[in-house]
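Note sheet for the following structure.
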Amino acid sequence: TASDSLLTVVAAFGANIVIAVAKTGAAMVTGSASLLAEAAHSWADAGNSVLLLVADHRSRRPADAAHPQGYGREAYVWALLAAVGVFVAGAAVSITHGVHELFDPAPAEGFGLGYAILALAFLLEGAAFRQSVRQARREAAALDRDVVDHVVRTSDPTLRAVFAEDAAALVGLVIAAAGLALHQVTGSSAPDAVASILVGVLLAVVAVALVEQNRRFLVGQEADPAVRAAVVDALLADPDVDRVTHLRLEYVGPRRLSVVADVDLTGDDPESQLAVRLRALEERLAASPTVADAELGVSAPDAPALSR
């Protein structure tokens, strides 16, 4: 639900702020390149969470005369900006610093503090990730999907972004810990620098994936077959509907659909009465919290009926 998404983003934001401050302090004390990359990663995640909160707030505004389908697509705009601006910025800082460290290495110290901060960050990121997994699991079960498949296909960009962000954060922490440990064992800063570069590459990959998904929903994403089948069933369950011959479902926001359909109504009413019955059916459909608007037409007599 929308409240679940808000809780998921707030949990991630709180964790990211605490972790970013701790990592920044540890990076300054230890001089570790991978810790600095992780600090940039967490600051990027925190900025991402702010943009996702804006996305959640602005996309909930009700429909008006200028936007009859509501403002749901704003969620994809802000989520795309988060992916492009914040994730890419974090990736650039991490990769640039790692490359610089390879050619101009600096000694590191205070490894124990670095490990402690990484362990604390893993616990906090794990708690935030658990919240996003809990939300994804509930929604996936309702749609008969596995969790990862649902995160990829969901119309909710905040869930997808936070899930990807938290998963990438946990992987990044493991990479940073390995780089720090190899730095300590070998006495060379090269593994630490390589870890910083790998964290940046990880952020860049996540950014590209999120940009692509948000682009698809912005330009118009058709609902998947399971959702189509559910809408066909709902239409046929209405006592006024005999057949459904055309159906177009497009996401216009998180969990919000535009429904365009041709239906064959029961009975043999004159045209004027058909128009009244169609309008009443549109209003019943639009009463659903998942339907932004509904436009229904009359089926042609020779049009084949849709099946599930």
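If you're wondering where the values come from, they're calculated on a predicted model, not measured in any experiment. The basis for the numbers below is simple: all heavy atoms, side chains too, and nothing from hydrogens, waters or symmetry mates.
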At their closest point, which heavy atom of [X] faces which heavy atom of [Y], and how far apart are they?
{"X": "Glu250", "Y": "Gly220", "answer": "OE2-CA, 3.6 Å"}
{"X": "Leu210", "Y": "Arg160", "answer": "CD2-CG, 3.7 Å"}
{"X": "Ser132", "Y": "Leu159", "answer": "O-CD1, 3.7 Å"}
{"X": "Asp293", "Y": "Ser258", "answer": "OD1-OG, 3.0 Å"}
{"X": "Leu235", "Y": "Leu285", "answer": "CD2-CD1, 3.7 Å"}
{"X": "Arg277", "Y": "Leu265", "answer": "CB-CD1, 3.8 Å"}

For [Y], does its backbone N or O pair with a side-chain atom of [X] as donor and acceptor, under 3.5 Å?
{"X": "Tyr251", "Y": "Asp156", "answer": "no"}
{"X": "Arg256", "Y": "Tyr71", "answer": "no"}
{"X": "Glu282", "Y": "Leu296", "answer": "yes"}
{"X": "Arg58", "Y": "Arg73", "answer": "no"}

Can you confirm whether [X] is buried at [atom1], in the sense that more than 12 heavy atoms of other residues, nucleotides or ligands lie under 6.0 Å from that atom?
{"X": "Asp268", "atom1": "CG", "answer": "no"}
{"X": "Arg130", "atom1": "CZ", "answer": "no"}
{"X": "Tyr115", "atom1": "OH", "answer": "yes"}
{"X": "Arg137", "atom1": "CZ", "answer": "no"}
{"X": "Arg134", "atom1": "CZ", "answer": "yes"}

Using residues 162-180 as the side-chain source, report each donor-acceptor pair under 3.5 Å to any protein atom, sequence neighbours left out, with the distance given to one decimal.
residue: Glu165; atom: OE1; partner: Asn48; partner atom: ND2; Å: 2.6
residue: Glu165; atom: OE2; partner: Asn16; partner atom: ND2; Å: 2.8

Quick one: do [X] and [Y] end up in the same hydrophobic cluster if we chain Ile, Leu, Val, Met, Phe, Trp and Tyr together by side-chain heavy atoms under 4.5 Å apart?
{"X": "Val298", "Y": "Val232", "value": "yes"}
{"X": "Val227", "Y": "Phe217", "value": "yes"}
{"X": "Ile117", "Y": "Leu124", "value": "no"}
{"X": "Leu281", "Y": "Leu257", "value": "yes"}

Original post:
Under the side chain to side chain donor-acceptor pair (under 3.5 Å) criterion, do Trp78 and Ser59 qualify, and how do the steps go?
Top reply: CA-CA 10 Å; Trp78 289 94; Ser59 67; over 6 Å; no
Subject >> Asp149/Arg153 under salt bridge (charged side-chain N to carboxylate O under 4.0 Å, His left out): CA gap, chis, key distance, verdict >> reply: CA-CA 6 Å; Asp149 182 47; Arg153 296 162 62 185; 2.6 Å; yes
Original post:
Stepwise, does the side chain to side chain donor-acceptor pair (under 3.5 Å) test hold for Asp262 with Thr245?
Top reply: CA-CA 6 Å; Asp262 288 342; Thr245 60; 4.7 Å; no
Original post:
Between Arg255 and Glu139, is there a salt bridge with N-O shorter than 4.0 Å?
Top reply: yes
Subject >> Working for salt bridge (charged side-chain N to carboxylate O under 4.0 Å, His left out), residues Glu212 and Arg215 >> reply: CA-CA 5 Å; Glu212 173 59 17; Arg215 181 196 65 80; 2.7 Å; yes
Original post:
Do Thr24 and Trp43 pass the side chain to side chain contact (heavy atoms under 4.5 Å, CB included) test, and can you show the C-alpha distance, the side-chain angles, and the key distance before you say yes or no?
Top reply: CA-CA 9 Å; Thr24 301; Trp43 283 116; 2.8 Å; yes
Subject >> Step-by-step side chain to side chain contact (heavy atoms under 4.5 Å, CB included) determination, Leu278 to Val263 >> reply: CA-CA 9 Å; Leu278 281 175; Val263 297; 3.7 Å; yes
